[in-house]
Amino acid sequence: MAPTLTTADAFTAVADAGRRDLLSALGTGESTVGDLVDRLRLRQPQVSKHLGVLRSVGLVLVRPEGRHRFYRVNGPALKPIHDWVRTFERTWNIRLDRLDDLLGELQSNPESNK
Amino acid sequence: MSANAAVKNRHGSAVVTLPSDTEILITRQFDAPADLVFKAYTTPELVKRWWGFETSEWLVCEVDLRVGGRWRYVIRERGHEVGFHGDFREIDRPARIVSTEVYEQFPGGEEAAALDIVTLEEADGVTTMKVLVKHARPEHRDAHIASGMESGMQISYNRLEDLVRQA
């Protein structure tokens, strides 16, 4: 399904470039809000707001430890986006596999190379 | 289509990524010189043999390969006509082709044109093709992906139909 813009889900959450930057900054590790503020050079309220949206759709998880809260990406929640792109990728694979076959044929039989 | 041609291939290896919210990048390698890939990509007689699908009927395949020249492909797939056209902005044989692309069935017409940047890089007999599709708006890109998926699904249905017929 194509993403809809009316409901909050992983698609709408990553439609915002700032939130994509935040996900990239989190990468595969854990960060505190303070770390993200320093690395992204954003103001703390902005980072907190983005984290709130990402948490509300389950893209980011939080782990409290002492006085700190550590944020991390929730990989499985990105799966709908991954699947959406993979389906499109299959279409391209069909097309380019045919090009691959043609190139093989043209090389093995140069006469068909008009 | 011969069995020999399938001995060396990289089927299923195309990778699609979304570099930004307006772009699609397709990357694929071929065991062929860049010059031949360029030729297959831009010669109508050859384009007809790979672009589209096995079940597609070609109605129009025109390529005026010069800067400012137009290209147009129209196929009929299961009774539906699907058309694409655009014009060439840059041609650097065999390394690079920049053209616009309009999906004729998509509302928005010329304003919804995408810019396609095709680069071919050859190293040790292997050509890496990159197709970067740049849309003006994120919703155009998303619609592009959604429509591409529809045709992919169509193919799966066709294949299913073939299977059912053989059974």
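In this text, all values refer to a predicted model and were calculated from it rather than measured experimentally. The figures here come from the full heavy-atom set of this structure, side chains too, leaving out hydrogens, waters and symmetry mates. A, B, ... follow the sequence lines: proteins, then strands. Residue 1 opens every chain.
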Among R95(A), Q107(A), R86(A), which has the most heavy-atom pairs under 4.5 Å with chain B? R95(A)
Should D97(A) and R10(B) be marked as a salt bridge (Lys or Arg N to Asp or Glu O under 4.0 Å) after you check the CA-CA gap, both sets of side-chain angles, and the distance that decides it? CA-CA 7 Å; D97(A) 288 351; R10(B) 297 168 180 264; over 6 Å; no
Going by the angle between their ring planes, with limits at 30° and 60°, are W51(B) and W58(B) parallel, tilted or perpendicular? tilted
For Y41(B) and W50(B), take the angle between the two ring planes, folded into 0 to 90°, and tell me which bin it lands in: parallel under 30, tilted 30 to 60, perpendicular over 60. tilted
Given that the side chain runs from C-beta out, which part of V15(B) has a heavy atom under 4.5 Å from chain A: side chain, backbone, both or neither? both
Is the closest side-chain donor-acceptor distance between S24(A) and D21(A) under 3.5 Å? no
At under 4.5 Å between heavy atoms, what parts of residues 116-126 of chain B are in contact with chain A? List them by residue number. none
Can you name the closest pair of heavy atoms from W71(B) and S99(B) and give their distance? NE1-OG, 3.7 Å
Here the pair of heavy atoms bringing L40(A) nearest to A25(A) is CD2-CB, 3.9 Å
Salt bridge (Lys or Arg N to Asp or Glu O under 4.0 Å), that's the test. Do D87(B) and R89(B) meet it? Break it down for me. CA-CA 6 Å; D87(B) 51 76; R89(B) 298 287 166 90; 2.9 Å; yes
